[in-house]
Amino acid sequence: MASASEPPASPRDAADQNFDYMFKLLLIGNSSVGKTSFLFRYADDSFTPAFVSTVGIDFKDTAGQERYRTITTAYYRGAMGFLLMYDIANQESFTAVQDWATQIKTYSWDNAQVILVGNKCDLEDERVVPAEDGRKLADDLGFEFFEASAKENINVKQVFERLVDIICDKMNESLEPSSSPGSNGKGPALGDTPPPQPSSCGC
């Protein structure tokens, strides 16, 4: 089953309100590509080799079915950034990237930022998706690209930090007088958010 995962709120998060901005970021991609491991590596710097499958949205079930549209739209609404992930040792997960990209374009803000992540780059002997193919697909879709490994802690922090940098850059662009951000009815554009102080975005 293909799923999307989102970090659960923890009591620590609720108590720690000392931040300038809060961004909703989604990790999406087929099941078993390593989204949960990736998130745990970033948040807790831990790795567990086996997780029970995380329940989320299955694009194969929701795409084109009116009864799921509200759920899908609500899940994507307000997300300012996406990590779209595939497993370099799983061709099907790479092939599904195009479907996930369509979901993002259909249900998210126009200005939502996306990074394509080829996860499990530690499995070089099992690789079926060349890095060049991932890079080319990312270029075609207009996304940035990283290969990463939650297991070996390769590019995990860098991916999250880069996504936040891109979001902050887009926010600053939307504040410039020459820009005229618009919305297509799917939610507010970045320019519709409360304007940040240019110097306070510590991205």
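By convention here, the first residue in the shown sequence is residue 1.
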Any chance the rings of Phe38 and Phe160 have centres within less than 6.0 Å?
yes

Aromatic ring centroids of Tyr76 and Phe82 under 6.0 Å?
yes

What closest approach, in Å, do [X] and [Y] show between heavy atoms, and which atom pair accounts for it?
X      : Y      : answer
Ile115 : Leu163 : CD1-N, 3.5 Å
Asn155 : Ala148 : CB-CB, 4.0 Å
Arg41  : Lys151 : NH2-O, 2.9 Å

Rounded to the nearest 0.5 Å, what separation is found between the [atom1] atom of [X] and the [atom2] atom of [Y]?
X      : Y      : atom1 : atom2 : result
Ile154 : Cys121 : CD1   : SG    : 4.0 Å
Asn111 : Met80  : CG    : CE    : 8.5 Å
Leu39  : Met85  : CG    : CE    : 9.0 Å
Glu161 : Ile166 : CD    : CD1   : 12.0 Å
Gln103 : Leu84  : CD    : CG    : 11.0 Å

Within the distance-only criterion (no hydrogens, no angle test), does the side chain of [X] pair as donor or acceptor with the backbone N or O of [Y] below 3.5 angstrom?
X     : Y     : value
Lys24 : Arg77 : yes
Lys35 : Gly29 : yes
Ser93 : Asn90 : yes

If we only count heavy atoms from C-beta on, is the [X] to [Y] side-chain gap below 4.5 Å?
X      : Y      : value
Val156 : Gln158 : no
Thr102 : Thr106 : yes
Val33  : Val117 : no
Glu92  : Asn30  : yes
Phe23  : Cys168 : yes
Leu137 : Gln98  : yes
Ile104 : Ile28  : yes
Asn119 : Asp87  : no

Mind checking what makes side chain to side chain contact (heavy atoms under 4.5 Å, CB included) contact with Thr95, not counting sequence neighbours?
Gln91

Show the atom names and distances, to 0.1 Å, of all donor-acceptor pairs under 3.5 Å that link a side chain in residues 122-134 to residues at least two apart or in another chain.
from   : atom 1 : to     : atom 2 : distance (Å)
Asp122 : OD1    : Ser149 : OG     : 2.7
Glu124 : OE1    : Arg127 : NE     : 3.3
Glu124 : OE1    : Arg127 : NH2    : 3.1
Glu124 : OE2    : Arg127 : NE     : 2.9
Arg127 : NH1    : Val129 : O      : 2.8
Arg127 : NH1    : Glu147 : OE2    : 2.8
Arg127 : NH2    : Glu147 : OE1    : 2.8

Would you please name every residue forming a side-chain hydrogen bond (donor to acceptor under 3.5 Å, both in side chains) with Lys136, sequence neighbours left out?
Asp140

For residues 127-156, which residue pairs qualify under ring-ring contact (aromatic ring centres under 6.0 Å, His included), counting only residues two or more places apart or in two chains?
none

Derivation of the side chain to side chain contact (heavy atoms under 4.5 Å, CB included) call for Leu27 and Thr36
CA-CA 9 Å; Leu27 280 75; Thr36 303; over 6 Å; no

